[in-house]
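Note sheet for the following structure.
When reading the values below, keep in mind they use all heavy atoms of this one structure, side chains included, and skip hydrogens, waters and symmetry mates. Quick note on labels: first sequence line is chain A, next is B, and so on, each numbered from 1.
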There are 2 protein chains.
Amino acid sequence: MTKSQKVMLTANDWAEAALDAIGRRGVEGVAVEPIARDLGVTKGSFYWHFPNREALLVAALQRWEARETDEVLDRVQQETDPRARVKRLITEVNTSKKASRIYSALSSATKPAFVRDYVERVSKRRLDFIIDSYAALGLSAENARRWALMTFSVFLGSLQIRRDLPDEWPNADEPAFAEYVRFLMVSLMPSELDAANNTPAPDVPEWPARSGSQGF
Amino acid sequence: MTKSQKVMLTANDWAEAALDAIGRRGVEGVAVEPIARDLGVTKGSFYWHFPNREALLVAALQRWEARETDEVLDRVQQETDPRARVKRLITEVNTSKKASRIYSALSSATKPAFVRDYVERVSKRRLDFIIDSYAALGLSAENARRWALMTFSVFLGSLQIRRDLPDEWPNADEPAFAEYVRFLMVSLMPSELDAANNTPAPDVPEWPARSGSQGF
DNA sequence: GCGTGTCAATACGCCAGCGTATGGAAAAGA
DNA sequence: TCTTTTCCATACGCTGGCGTATTGACACGC
């Protein structure tokens, strides 16, 4: 147990610093020497703990996946009432810009192909959790899926709006935020009637098939 | 008008290739020499049309902003009925994965600081357009804003879900997609009663103030 | 005290991408 | 024709980051 004044970094310290770099500079910003500078050491340290840069990315992604599933879902899952779950989910949008930046950076990353696997697993676990929450309200599988897709979209989109248009997003301490959350709760929560009437409306209207070049 | 067999690239060709590179490899992937290889030339060509890499990024962003505002908004704006506008907005989610990838890459980019300005302007213009659409339904300014924020969130979130969880997203040619769009239309469209009753519910419930470390 | 194991610094070669300088080919004017 | 302009190729130096090799400073067991 060497732990003198020299601090002595661990592999987890490097992985955590890599996660931080993902949030601040993107996946491409996970560079050995810059992170070493952040940590106040040289890359001589890094190559003792890891064989190469890719291993660092994997370690960071594993930590991320563990945090974003086990810890967070366990925390939200303590909420027994499905309605309270959705509400907490919404309010969670306003916590930790850092975590949302990491999510966004990973979601748009392309270069190390395995990043997509981690993003897909985490996203699917989140969506499934929301589906289960709606199913617990008595919705059919199809309806629970529809509501969950919409709620998950609102969650993800809210993260992006808060990042791209911070001025347009109500601050958590303002009354406008509380009102907006209440508004979302009403909109994202099926009524008792919906839960009973579990089939979608039968008439499928037509809509114009878009032929434009690039989408909105 | 030199237009022999030698093709002769223009600055716009480079800007368009840069936009493509943003979608495929991210903003960091906008590198002069790789793009030159894509175009079948060398960087000797590039440095005749542009002074440096930053100028290429600016040109690409200007093209992007012009396309994502003038062209697209004009196209959707041809729809006179506000309800039809929102519906078209939703169906536009399923068009052009390339455009959505560019949007996502720019949204998560950090390194050239001016990228954020373009993202902010485009995003704000889109949000304002949606706000106006809801206001045209007779909603108050506050309610139009709430509905628009939710609809914009659904739009952005749907783009991300389609990218991160393509298997979970209904294909445009499947009936599930039509049903989901109809479901969203009902959920994202205020009822006549809401339009008349333009004040939010008066009772503001409390909810647990989250103290967790990183958000969901 | 002395070797051994742990963690980090330094020095090196390598490669990719940026930006410059210069030259060249081909079309356009004159 | 011959000069000028336009567009691109080639060659060069520079920088930043990757990975390796080597050395060094402690801490600990003995």
Distance in angstrom units between B:E33 CD and D:dC8 C1', rounded: 15 Å
The nucleotide from C:dC18, C:dC7, D:dG17 with an atom nearest the side chain of A:A31 is D:dG17
Within residues 42-49 of chain A, those residues having any heavy atom closer than 4.0 Å to DNA chain C are A:T42, A:K43, A:G44, A:S45, A:W48, A:H49
Salt bridge check, B:K111 against A:E28: does any charged N sit closer than 4.0 Å to a carboxylate O? no
Closest to the A:L9 side chain: C:dA8, D:dG17, C:dG17? C:dA8
I need the CG-P distance between B:L56 and C:dG17, as an integer number of Å. 15 Å
May I have the distance from A:E54 (atom CD) to D:dG17 (atom C1'), rounded to whole angstrom? 16 Å
Have B:R163 and B:S104 got a donor and an acceptor in their side chains that come within less than 3.5 Å? yes
Between B:R67 and B:E16, does any side-chain N to carboxylate O distance fall below 4.0 Å? yes
Length of the line joining B:D13:CG and D:dC8:P, which is rounded to integer Å: 9 Å
Just how far, in rounded Å, is P of D:dC8 from CG of B:L39? 10 Å
Pair A:D20 + A:R24, salt bridge at N-O below 4.0 Å: yes
Are OP1 or OP2 of D:dG17 and a side-chain N or O of A:R37 less than 4.0 angstrom apart? yes
Euclidean distance, atom CD of residue A:E28 to atom P of C:dA16 [Å, nearest integer]: 16 Å
Find the distance A:F50:CZ to D:dC18:P and express it as a whole number of Å. 14 Å
Heavy-atom side-chain proximity of B:I161 to A:S123 below 4.5 angstrom: no
Take atom CZ of A:R25 and atom P of D:dG16, then tell me their distance rounded to the nearest Å. 14 Å
Show the numbers, then the answer: is there a ring pair (Phe, Tyr, Trp, His ring centres under 6.0 Å) between A:F177 and A:W169? CA-CA 8 Å; A:F177 175 69; A:W169 193 255; 7.3 Å; no
Inspect the contact between B:K87 and B:D81 and indicate whether a charged nitrogen and a carboxylate oxygen are less than 4.0 angstrom apart. no
